[in-house]
Amino acid sequence: MARREVVTIPCKINLHLGIHGEKDARGYHRVDSVMVPVALFDTVVVEEAPSLCVAHEPALEVLSEKTTVWKATTLLAKELGVEPAVRISVTARIPERAGLGGSSADAGATLRALARLWGVNALDARVVGVARRVGADVAFFLQPVPSLYLGAGDVLEEAFPSFEAPIALVMPATNGISTQAAYDEFDRMGSEPMGYEDLCAALRASDMRGAAAHLYNNLAPAASSLCGEVARVQEWLHDQPGVRASQVTGSGSCSFALCENTEDAERIAHVAAEECGWRAWATMSVGSPGKIC
Ligand SMILES: C[C@](O)(CO)[C@H](O)COP(=O)(O)OP(=O)(O)OC[C@H]1O[C@@H](n2ccc(N)nc2=O)[C@H](O)[C@@H]1O
Ligand SMILES: Nc1ncnc2c1ncn2[C@@H]1O[C@H](COP(=O)(O)OP(=O)(O)OP(=O)(O)O)[C@@H](O)[C@H]1O
């Protein structure tokens with residue numbers, strides 16, 4: 001019987017995103033990134049099949065051969081010396097071009113499913129190496145727990161205790177922002193980042209009020225420059241009762257609000273969608289790594 005692996009994968013938010021002007025040999029910026037998994041999930045199903053086939057639901061505009069899932073599969077098969085004879089079905093709920101890491105989550109989930117199918121550990125150096133070649137965020141999704149990543153934002157430096165915090169996600173209803181366009185805009189604007197130590201100290205101590213006081217993203221001005229509605233979402237979230245702190249995630253266009261309680265997160269998401277015409281979700285950070293399979 002054909003073997004089958006199912007992986008449910010959360011999205012991510014960046015509590016700290018510090019982009020440096022300095023770039024590596026690939027042209028990737030040096031990035032300090034503190035990421036946290038958030039309960040808005042894609043599902044990836046990998047089954048043994050005669051040949052490689054990738055399908056997304058809802059369908060993507062790009063050819064399946066151009067997806068992060070295809071790239072992750074072919075690179076890992078080559079690395080392990082096996083045939084990529086699998087059918088992969090992705091059910092996507094994480095919005096594209098949001099800064100929530102949707103296409104990276106799908107690639108990370110695919111690598112975890114393939115690692116099980118092909119008998120290697122998901123944190124084997126070969127799997128991590130492939131993840132980093134597919135995209136800067138992909139390695140995080142091999143082990144999606146609150147963590148500090150350095151290098152190009154793809155090298156694990158430290159993992160923190162998991163926590164459950166109520167969160168509202170709000171993004172403009174328009175097209176979203178391309179990650180590459182945001183980095184190009186960052187280069188035009190120029191900036192050097194603040195440090196991440198105070199945030200990390202709060203996360204080590206599971207001090208969520210302290211963590212909320214240290215949210216940071218110096219890619220956010222580039223996101224607002226490309227999509228003015230991002231700044232309007234930010235201003236609106238800042239003024240809402242029940243919001244401890246808010247920030248743009250990644251390269252946008254989504255913002256997140258750390259809320260006092262689940263009722264506040266639900267009210268904010270409801271008003272953002274119904275009265276402001278934005279896309280919004282009331283959710284939580286993923287508190288127990290065991291809840292993700
Ligand atoms: C903005 C973040 O999401 C924060 O977590 C990441 O830095 C982006 O991660 P990602 O979506 O996995 O990005 P990739 O698919 O690897 O890269 C897309 C494009 O973003 C730019 N890029 C990305 C990461 C990085 N450290 N420096 C860059 O300059 C490059 O132009 C690259 O061609
Ligand atoms: N598995 C995938 N899921 C979604 N989009 C994909 C996938 N693989 C490739 N793509 C393409 O990548 C584009 C988005 O890339 P981009 O890096 O800007 O954003 P993202 O991965 O959706 O999220 P983020 O803004 O968090 O990085 C999509 O519009 C689509 O054309």
Side-chain angles (χ1 to χ4, degrees), residues 9-38 40 42-44 54-73 88-111 130-142 144 147-155 169 171-172 175-188 193 196 216-220 222-223 226-227 230 247-256:
I9 194 86
C11 66
K12 61 86 178 167
I13 55 173
N14 301 85
L15 299 188
H16 176 101
L17 183 62
I19 317 293
H20 297 257
E22 180 190 332
K23 292 184 191 170
D24 67 15
R26 290 177 297 176
Y28 270 42
H29 295 71
R30 185 176 144 212
V31 170
D32 314 324
S33 177
V34 176
M35 286 184 272
V36 166
V38 169
L40 175 59
D42 280 2
T43 307
V44 174
V54 174
H56 278 73
E57 174 58 42
L60 290 178
E61 279 181 16
V62 291
L63 291 173
S64 62
E65 290 84 350
K66 299 279 181 201
T67 62
T68 54
V69 169
W70 187 285
K71 194 171 173 192
T73 305
I88 305 179
S89 312
V90 179
T91 304
R93 299 176 199 88
I94 305 169
E96 281 179 20
R97 296 157 59 97
L100 296 168
S103 64
S104 308
D106 298 342
T110 298
L111 291 174
V130 166
R132 293 177 61 196
R133 282 158 69 194
V134 177
D137 284 337
V138 179
F140 169 78
F141 291 103
L142 296 177
S147 316
L148 168 66
Y149 280 79
L150 300 178
D154 58 352
V155 180
L169 299 174
M171 66 186 283
N175 268 339
I177 295 172
S178 136
T179 304
Q180 186 170 348
Y183 274 99
D184 290 347
E185 183 68 5
F186 173 89
D187 285 339
R188 280 189 285 275
Y196 45 77
Y216 180 76
N217 183 348
N218 71 335
L219 197 52
L226 293 172
C227 173
V230 170
Q247 186 52 271
V248 174
T249 177
S251 49
S253 61
C254 192
S255 291
F256 63 93

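First listed ligand is number 1; within each ligand, the first listed atom is number 1. Each residue takes its place number in the sequence, starting with 1.
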- Quick one: does Val138's side chain get under 4.5 Å of Arg133's, heavy atoms only? no

- Any side-chain heavy atom of Thr110 within less than 4.5 Å of one from Thr68? no

- N or O pair under 3.5 Å between Val31 and ligand 1: no

- Message: Any atom of ligand 1 sitting under 4.0 Å from a heavy atom of Ser104?
- Response: yes

- Message: Please determine whether any non-hydrogen atom of Lys23 lies less than 4.0 Å from an atom of ligand 1.
- Response: no

Test of understanding: given a 4.0 Å heavy-atom threshold, classify the contact between [X] and ligand 1 as side chain, backbone, both, or neither.
X: Leu17; answer: side chain
X: Arg30; answer: neither
X: Tyr28; answer: both
X: Asn14; answer: side chain

Write none if no such pair exists; otherwise list each N/O atom of ligand 2 with its protein N/O partner under 3.5 Å and the distance.
{"unit_1": "ligand 2", "atom_1": "1 (N)", "unit_2": "His56", "atom_2": "NE2", "d": "3.1"}
{"unit_1": "ligand 2", "atom_1": "1 (N)", "unit_2": "Thr68", "atom_2": "OG1", "d": "3.1"}
{"unit_1": "ligand 2", "atom_1": "1 (N)", "unit_2": "Asp106", "atom_2": "OD2", "d": "3.3"}
{"unit_1": "ligand 2", "atom_1": "3 (N)", "unit_2": "Asp106", "atom_2": "OD2", "d": "3.4"}
{"unit_1": "ligand 2", "atom_1": "8 (N)", "unit_2": "Thr68", "atom_2": "N", "d": "3.1"}
{"unit_1": "ligand 2", "atom_1": "17 (O)", "unit_2": "Thr179", "atom_2": "OG1", "d": "3.0"}
{"unit_1": "ligand 2", "atom_1": "18 (O)", "unit_2": "Thr179", "atom_2": "N", "d": "3.0"}
{"unit_1": "ligand 2", "atom_1": "18 (O)", "unit_2": "Thr179", "atom_2": "OG1", "d": "3.3"}
{"unit_1": "ligand 2", "atom_1": "21 (O)", "unit_2": "Ser103", "atom_2": "N", "d": "3.4"}
{"unit_1": "ligand 2", "atom_1": "21 (O)", "unit_2": "Ser103", "atom_2": "OG", "d": "2.4"}
{"unit_1": "ligand 2", "atom_1": "22 (O)", "unit_2": "Arg97", "atom_2": "N", "d": "2.9"}
{"unit_1": "ligand 2", "atom_1": "25 (O)", "unit_2": "Ala98", "atom_2": "N", "d": "3.3"}
{"unit_1": "ligand 2", "atom_1": "25 (O)", "unit_2": "Gly99", "atom_2": "N", "d": "2.8"}
{"unit_1": "ligand 2", "atom_1": "26 (O)", "unit_2": "Gly99", "atom_2": "N", "d": "3.2"}
{"unit_1": "ligand 2", "atom_1": "26 (O)", "unit_2": "Leu100", "atom_2": "N", "d": "3.1"}
{"unit_1": "ligand 2", "atom_1": "26 (O)", "unit_2": "Gly101", "atom_2": "N", "d": "2.6"}
{"unit_1": "ligand 2", "atom_1": "27 (O)", "unit_2": "Thr179", "atom_2": "OG1", "d": "3.0"}
{"unit_1": "ligand 2", "atom_1": "29 (O)", "unit_2": "Glu96", "atom_2": "OE1", "d": "2.8"}

- Note on the structure: heavy-atom search around atom 23 (C) of ligand 1 in the protein gives Tyr183 CE1, 3.5 Å

- Please list, chain by chain and in numerical order, all residues satisfying side-chain hydrogen bond (donor to acceptor under 3.5 Å, both in side chains) with Asp137, sequence neighbours excluded. none

- Heavy-atom nearest neighbour of atom 11 (O) of ligand 1 within options Val134, Ile177, Asp137, Asp184: Asp137

- Query: Is Asp154 salt-bridged to Arg26, cutoff N-O under 4.0 Å?
  - Reply: yes

